[in-house]
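Heads up, the thing below is written out as structure tokens.
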2 protein chains.
Amino acid sequence: MNFQVKFDINERIYLRNPENSEVGKLMVKKSIDLIYQLGFEQFTIKKLATEINSTEATVYRYFENKHSILLYILNWYWCYMEFLVAYKLENITDKKESLRIIVHLLTHELAGSESHFDYNKKYLNQIVISESSKTYLVKDITEINKNEVFKPYKDLCTRIAKVISEYNPNYKYPRSLSTTIIETSHHQQFFSVNLPKLTDVNSIKNSEFTNQFIEDFLFKIVD
Amino acid sequence: MNFQVKFDINERIYLRNPENSEVGKLMVKKSIDLIYQLGFEQFTIKKLATEINSTEATVYRYFENKHSILLYILNWYWCYMEFLVAYKLENITDKKESLRIIVHLLTHELAGSESHFDYNKKYLNQIVISESSKTYLVKDITEINKNEVFKPYKDLCTRIAKVISEYNPNYKYPRSLSTTIIETSHHQQFFSVNLPKLTDVNSIKNSEFTNQFIEDFLFKIVD
DNA sequence: TTATTTAAGATAGTAATACTATTATATAAT
DNA sequence: ATTATATAATAGTATTACTATCTTAAATAA
């Protein structure tokens, strides 16, 4: 079975919906490729324009600035992750198993077709790990937040918090625990690859290590 | 009682030691003020030069680029934090109490004189919360890490991990747990102020909330 | 005291970036 | 056939992250 999912990304993130044109779609896809390759700081609108055989002016007709492009990508990811959580938890009654599935989803690469039209899931995963905090660690966070651009992240957090509360209704910090496992899955994966002394990785794959670490601590907390 | 502490910051972070001159010291102090006020992205060498009544050329004689200035500030913080942990844990035999002290230190503002010569501790604290991850979430992390610029962070991690292992020698992930409580103290404080829906803050102060959350979380894991 | 070293200040300049504005052209809808 | 709309092409601005050079002031050594 194979299917595609589409999400309505918050209109206030873009000036013109990139989903509605070929250049627009190419723009987002190539942004993912470039941010993965160069890192967000070295990624520029000029480089993106060159990559899509177009001009800076065209890019600026879709996005106000490069921060908006990152936000767009992350919004897509948060929506996709929430969809995946909902999908994979369907018909699972065992709440322990539900939590295990969530941790697995958060710590492993997104599955998905690697077609030419699709976003590169491996790249997207790396962007989430290395760049996602740059969407909110900005001085004008309050202004940006007014546009509800973090709603998909909050929704994902809410959904996970709900499962935590169903598993243990007495646990006092379901939302904070939810964001902690999300953020921890990012920084432990980053550290285990780049600054391994900050972790306890051994020979196993970093995603597997992070999965084990988070599963271990999650159940110690909620049990 | 009042005393000052000095740390030998890794020589590879600066070109000329800012501690050895008045402009140098002023440069670091004003960088803290400006990064706090503007955020790291809006902070520029030009603005810093103007602030210290000097020129960009002078700043560049001390630091290669603005990333190095952030690294210098964070290195100072990590050294200071490790010193504080060592100092506050002196003569404490109860390991549970030791862990409580560590969590308190990580989640509360640094104490310290607010003299004109000292770094502004309130600002420094905010920089640690909002900007510290930008020291390592960069594409050239591998290159940068070769200069041992993250040694103070690793040392802090090692020291906390040691206390965790002394408390519970069977716990398998002391280093990862150590970095997790450090990083969690940052993002939960940030979220509780700026994106409170991602947390469970109520009316209490965000540092107090974060302290309670992490203490609860830590002891459920290591007990 | 004089000579030498050293750091800071003043000034200028470059390449890259994040935009904005304008016009011409191609395409699609009416 | 006309109109609306999007894109491409081009140009331009302000800011930034640097680099280079030259002068001046101060500290140090002979």
Side-chain angles (χ1 to χ4, degrees), chain A residues 11-31 33-35 37-73 131 134-135 137-140 143-144, chain B residues 11-31 34-35 37-73 131 134-135 137-140 143-144 147:
Chain A
E11 292 186 1
R12 275 168 287 185
I13 292 176
Y14 50 77
L15 300 173
R16 191 188 304 289
N17 192 341
E19 276 304 304
N20 290 345
S21 77
E22 289 309 310
V23 243
K25 279 185 264 187
L26 189 62
M27 209 175 278
V28 176
K29 185 178 160 45
K30 291 289 180 186
S31 291
D33 296 352
L34 281 179
I35 294 174
Q37 284 167 38
L38 308 169
F40 186 61
E41 285 73 26
Q42 307 307 315
F43 165 74
T44 71
I45 305 289
K46 175 82 196 166
K47 288 170 185 166
L48 174 60
T50 306
E51 191 71 15
I52 62 173
N53 293 310
S54 184
T55 61
E56 290 173 84
T58 301
V59 177
Y60 280 112
R61 237 175 267 118
Y62 285 83
F63 294 101
E64 212 181 319
N65 48 48
K66 72 174 191 167
H67 185 261
S68 301
I69 300 181
L70 185 62
L71 256 180
Y72 184 92
I73 293 168
E131 321 290 355
K134 295 170 191 171
T135 57
L137 290 179
V138 290
K139 199 67 192 179
D140 52 349
E143 242 351 272
I144 293 173
Chain B
E11 291 186 4
R12 275 169 287 185
I13 293 176
Y14 50 77
L15 301 172
R16 192 191 302 291
N17 192 340
E19 276 304 304
N20 289 346
S21 78
E22 289 309 309
V23 242
K25 280 184 264 186
L26 189 62
M27 209 175 276
V28 176
K29 185 179 161 42
K30 291 289 181 186
S31 291
L34 281 179
I35 294 173
Q37 283 166 39
L38 308 169
F40 186 61
E41 285 73 26
Q42 307 307 314
F43 166 74
T44 70
I45 305 290
K46 176 83 197 163
K47 288 171 187 167
L48 174 60
T50 306
E51 191 71 14
I52 62 173
N53 293 310
S54 184
T55 61
E56 290 173 85
T58 302
V59 177
Y60 280 112
R61 241 175 259 121
Y62 284 83
F63 294 101
E64 212 181 319
N65 48 48
K66 72 175 191 167
H67 185 262
S68 301
I69 300 181
L70 186 63
L71 257 180
Y72 184 93
I73 293 169
E131 321 289 356
K134 295 170 191 170
T135 56
L137 291 178
V138 290
K139 199 67 193 179
D140 53 347
E143 244 348 274
I144 293 174
N147 292 322

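Reminder, nothing fancy here: chain letters follow the sequence lines and each chain counts from 1.
With dG9(C), dT10(D), dA8(C) as the choices, the nucleotide that has an atom nearest any side-chain atom of Tyr62(B) turns out to be dA8(C).
To the nearest angstrom, P of dA7(C) lies 16 Å from NZ of Lys25(B). Taking atom CZ of Phe63(B) as the reference point, atom P of dT16(D) lies 20 Å away to the nearest angstrom. Taking atom CZ of Phe40(A) as the reference point, atom C1' of dT17(C) lies 13 Å away to the nearest angstrom. Rounded to whole Å, the distance from CD1 on Ile69(B) to C1' on dA17(D) is 12 Å. Rounded to whole angstrom, the span from the CG atom of Leu48(A) across to the P atom of dA16(C) amounts to 18 Å. Atoms CD1 (Ile52(A)) and C1' (dA6(D)) sit 13 Å apart, rounded to a whole Å.
Listed by chain and number, the residues in a ring-ring contact (aromatic ring centres under 6.0 Å, His included) with Phe40(A) amount to none (sequence neighbours excluded).
Proximity of Thr58(A) to the phosphate of dA8(D): a side-chain N or O atom is located under 4.0 Å from OP1 or OP2. OP1 and OP2 of dA9(D) both lie 4.0 Å or more from every side-chain N or O belonging to Thr55(A). Dashed line: the shortest gap from a side-chain N or O of Ser21(B) to OP1 or OP2 of dA7(C) is not under 4.0 Å.
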Sugar-phosphate means primed atoms, P, OP1 and OP2; the rest is base. With that split, encode nucleotides 18-24 of chain C 5' to 3' as B, S or - using protein heavy atoms under 4.0 Å. BBBB---
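The two residues Thr55(B) and Ala49(B) come nearest to each other via the heavy atoms C-CB, 3.4 Å. Between His67(B) and Lys134(B), the shortest heavy-atom contact is NE2-O, 3.6 Å.
Contacts between residues 12-20 of chain A and DNA chain C, defined by a heavy-atom separation below 4.0 Å, involve no residue at all.
Counting heavy-atom neighbours within 6.0 Å of Glu64(A) CD, excluding the residue itself, gives a total of 12 or less.
Side-chain atoms of Thr44(B) and Leu38(B), non-hydrogen and from C-beta on, never get closer than 4.5 Å to each other. The shortest side-chain heavy-atom distance between Leu48(A) and Lys30(A) falls under the 4.5 Å cut-off. Between Gln37(A) and Asp33(A), the closest side-chain pair of non-hydrogen atoms falls below 4.5 Å. Under the 4.5 Å side-chain criterion, counting only non-hydrogen atoms from C-beta, Met27(B) is in contact with Thr58(B).
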side-chain hydrogen bond (donor to acceptor under 3.5 Å, both in side chains) between Ser21(B) and Tyr62(B), worked out: CA-CA 10 Å; Ser21(B) 78; Tyr62(B) 284 83; 2.5 Å; yes
